Amino acid sequence: MTDSSHSALKAMGIETNANIDSNLQRAALVEHAIRNGEGRLAASGPLVVATGQHTGRSANDKFMVRDAETEDTVWWGKTNKAMSPEHFAVLKEDFFKAVGQKDQLYVQELFGGSQAEHRVNVRVINELAWHNLFIRTMLVRPTAEELKGFKAEYTIIDLPSFQADPERHGTNGPAVIAVNLTEKLILIGGTAYAGEMKKSVFGLLNYLLPLRGVMPMHCSANMGKNGDTAVFFGLSGTGKTTLSADASRTLIGDDEHGWSDTAVFNFEGGCYAKMIRLDPEAEPEIHATTQRFGTVLENVVMDEETRTLDLNDNSLAENTRGAYPIDFIPNTSEKNMGPVPKNIIMLTADAFGVLPPISRLTPEQAMYHFLSGYTAKVAGTEIGVTEPEATFSTCFGAPFMPRHPSVYGNLLKERIAKGGVTCWLVNTGWTGGKYGVGHRMPIKATRALLNAALDGSLNEAEFRIDENFGFEVPVAVPGVDSAILDPRSTWSDGAEYDATANKLVQLFVDNFAQFAEHVDENVRDAAPSAA
């Protein structure tokens, strides 16, 4: 129990006699989680937990309070759903009452952001020890000296046991993620999926940083030996985490970053990687974290007797996850920062088999594809999906972008121009036909093309102009089969390729219509057109 934590909760209006453990470190939190029956240790050391019904984000249960602060600054709609101040007030009252009834609470005081002048101080209050370990792992941990003068700016209260009442609280169901930017308070209830906490901090920084001229990004980042930083945008399943964990380059981070005038800086102090069917040969650095004490594995199946893991078993969830400190990956940045980027890579898993494995973009094309945020779902990933389906998530992270996409798009365009950044679109999806006919792009080819892009040698290659998208595509690259560089030639039926390409082009055009009036004419002119 700590007097300071009780005082902090009392200052918020929370009365509690609970035992409060503040800023416990890794080993102590693992002990608490096991003692509380929240998880079990695997034979190799990680803590294995189950999240129950919610094995991923509850996008339909996330709300932002619509008030004077947010009325004209938030992009309201499907992604950013409104909650009235009145409903939030009742929710807050019930949340505080629920906190007050707990016998045990865990508190962490952490930073969102590694660059001191652009970070936020966050206090997180949990009922579960493993959630407290998760958020301690994922955010930036203050030093002992920094903790002495720590003053929380924002507070997250995370109660998986809390059940929201739609009539009383204005929610869609028992789960709720409610963000109140005026009160600087985030309430998470009814879900044990720990990722909601980290994404709430990401959304917070995405709201605050553009006002400071800092570009918040849903991306991974690494840097070469000469300090050449590369940024990897991409939606889930496109290779963002895998491709940034490259033993020949220094990892800055795998998911959330800011781009300031002086640096690319990680918002986090940990990584949150997909574990399902993790290949120890293709992804050795990430696989090794599953054998470490301090890693938290969500919904990974474990043998009851031997406590060995089966990373291929999806019986609990397809979205199995591992949270681990970033320094579990070899060759990581000591300060979670690097210089401003030389290269930007936009990753897409094109299940239509139309896009080349790598393309060079103009700044206007980069903004077009950034606002588009394209990837594709494949059959079997969701109920009812039998054919490849295009997914457009603007800024490669629509669920986490509170402001209008043009705010982030214009920031990116300005920073690309200012830094003379080279932009690439990399397809980690299908070649030789669409999903079900062709095959996944070989990861060795993707890595070879990326290495050539990042060391600058690819800029010296001969390029052709893609007939559908207008970007530049290399004709030949040493160490890569030239056939895959021309997607049409890999299809057995060229006419079918053309028809599929035309379909994909139209999907891009239809999706971009929502942004047309918010961008310059030269960005609109960067749109693809049917051959």
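What you are looking at is a predicted structure, and each value in this text was computed from that prediction instead of being measured. If you read the sequence from its start, that first residue is 1, and numbering goes on from there.
Leu139 is listed as a side-chain neighbour of Val201, based on a closest heavy-atom distance under 4.5 Å. Taking the side chain as every heavy atom from C-beta outward, Ile443 and Thr242 approach each other to under 4.5 Å. A heavy-atom distance below 4.5 Å is not found between the side chains of Ser44 and Thr290. Within the 4.5 Å cutoff, the side chain of Ile326 has heavy atoms near those of the Asn336 side chain. The shortest side-chain heavy-atom distance between Trp430 and Arg440 falls under the 4.5 Å cut-off. Counting heavy atoms from C-beta on, the side chains of Asp228 and Met223 never come closer than 4.5 Å. Contact of the Phe63 side chain with the Val179 side chain is not registered, since no non-hydrogen atoms from C-beta on lie closer than 4.5 Å.
Note that CE of Met217 and CD of Glu256 are 11.0 Å apart. Values are rounded to the nearest 0.5 Å. Rounding to the nearest 0.5 Å gives a distance of 11.5 Å between CG of Asn222 and CG of Asp254. Note that the SG atom of Cys271 and the CG atom of Leu251 stand 5.5 Å from one another [nearest 0.5 Å]. Here CD1 of Ile188 is found 6.5 Å from CD1 of Ile186. Values are rounded to the nearest 0.5 Å. Taking CG of Asp279 as the start and CG of Asn312 as the end, the distance is 9.0 Å to the nearest 0.5 Å. The distance from atom CZ of Phe515 to atom CZ of Phe370, rounded to the nearest 0.5 Å, is 10.0 Å.
Under a 4.0 Å N-O distance rule, the pair Glu71/Arg66 qualifies as a salt bridge. Using a cutoff of 4.0 Å between basic side-chain nitrogens and carboxylate oxygens, Glu472 and Arg464 are not scored as salt-bridged. The existence of a salt bridge linking Lys199 and Asp255 is confirmed by a sub-4.0 Å separation between a basic side-chain nitrogen and an acidic carboxylate oxygen. Ion pairing between Asp481 and Lys444 fails under the 4.0 Å rule for side-chain N and carboxylate O. Between Glu364 and Arg524 there is no salt bridge, since none of the side-chain N atoms of the basic residue sits less than 4.0 Å from a carboxylate O of the acidic one. Salt bridge Lys434/Asp350: absent, no basic N to carboxylate O contact under 4.0 Å.
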Could you walk me through whether Leu371 and Tyr408 pass the side-chain contact (heavy atoms from CB on, under 4.5 Å) check? CA-CA 9 Å; Leu371 288 175; Tyr408 308 105; over 6 Å; no

Stepwise, does the ring-ring contact (aromatic ring centres under 6.0 Å, His included) test hold for Tyr272 with Phe134? CA-CA 10 Å; Tyr272 194 37; Phe134 172 92; 5.1 Å; yes

Hey, mind stepping through Thr73 and Tyr207 against side chain to side chain donor-acceptor pair (under 3.5 Å) and telling me if it holds? CA-CA 9 Å; Thr73 54; Tyr207 182 81; 2.8 Å; yes

Worked verdict on Glu196 versus Arg57 for salt bridge (charged side-chain N to carboxylate O under 4.0 Å, His left out): CA-CA 6 Å; Glu196 298 288 10; Arg57 289 185 305 104; 5.7 Å; no

Would you sort out whether Ile465 and Phe471 count as a side-chain contact (heavy atoms from CB on, under 4.5 Å), showing the intermediate values? CA-CA 6 Å; Ile465 301 298; Phe471 40 48; over 6 Å; no

Step-by-step side-chain contact (heavy atoms from CB on, under 4.5 Å) determination, Ile252 to His257: CA-CA 9 Å; Ile252 299 171; His257 294 80; 3.8 Å; yes

Pair Met64, Met83 - check side-chain contact (heavy atoms from CB on, under 4.5 Å), show working. CA-CA 6 Å; Met64 298 186 73; Met83 173 178 280; over 6 Å; no

Mind running side chain to side chain donor-acceptor pair (under 3.5 Å) on Lys274 and Thr241 for me, showing each step along the way? CA-CA 9 Å; Lys274 278 195 170 187; Thr241 298; over 6 Å; no

Between Thr51 and Asn299, does a side chain to side chain donor-acceptor pair (under 3.5 Å) hold up when you go through it step by step? CA-CA 7 Å; Thr51 63; Asn299 302 313; 2.9 Å; yes

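Two rings, from His369 and Phe508, have their centers less than 6.0 Å apart. The ring of His218 has its center closer than 6.0 angstrom to the ring center of Phe202. Here the two rings, on Phe512 and Phe392, have centers that are 6.0 Å apart or farther.
Across every non-hydrogen atom of Ala42 and Leu309, the tightest pair is CB-CD2, 3.8 Å. Pairing each heavy atom of Ala398 with each of Thr79, the nearest pair is O-CG2, 3.0 Å. What you find for His131 and Asp158 is that their closest heavy atoms are ND1-OD2, 2.5 Å. Nearest heavy atoms, Pro216 versus Val214: CD-O, 3.1 Å. Between Met346 and Leu412, the shortest heavy-atom contact is CE-CD2, 4.2 Å. Closest non-hydrogen pair, Glu281 versus Pro284, comes out as O-CD, 3.4 Å.
Under the 3.5 Å distance criterion, with hydrogens and angles disregarded, no donor-acceptor pair is assigned to the side chains of Thr320 and Glu298. For the residue pair Asp510 / Gln506, a side-chain donor-acceptor distance below 3.5 Å is found, with atom types taken as modelled. Side-chain polar atoms of Gln53 and Thr191 form no donor-acceptor pair below 3.5 angstrom. There is a side-chain donor-acceptor pair under 3.5 Å between Asn331 and Thr250.
Under the side chain to side chain contact (heavy atoms under 4.5 Å, CB included) rule, Thr348 has a single partner from Val426, Leu235, Thr391, Thr375, which is Thr375. Screening Asp498, Thr500, Asn468 for a side chain to side chain donor-acceptor pair (under 3.5 Å) involving Arg488 leaves a single residue, Asp498.
Using the six-membered ring where Trp is involved, His404 and His518 have ring planes that are tilted, between 30° and 60° apart.
Taking the side-chain contact (heavy atoms from CB on, under 4.5 Å) definition, one finds that Thr422 meets it with Asn343, Arg360, Trp424, Asn459, sequence neighbours left out.
Residue Lys342 qualifies as open at atom NZ: its count of foreign heavy atoms under 6.0 Å is 12 or below.
The closest donor-acceptor contact from the side chain of Thr137 to the backbone of Pro325 lies at 3.5 Å or more, if one exists at all.
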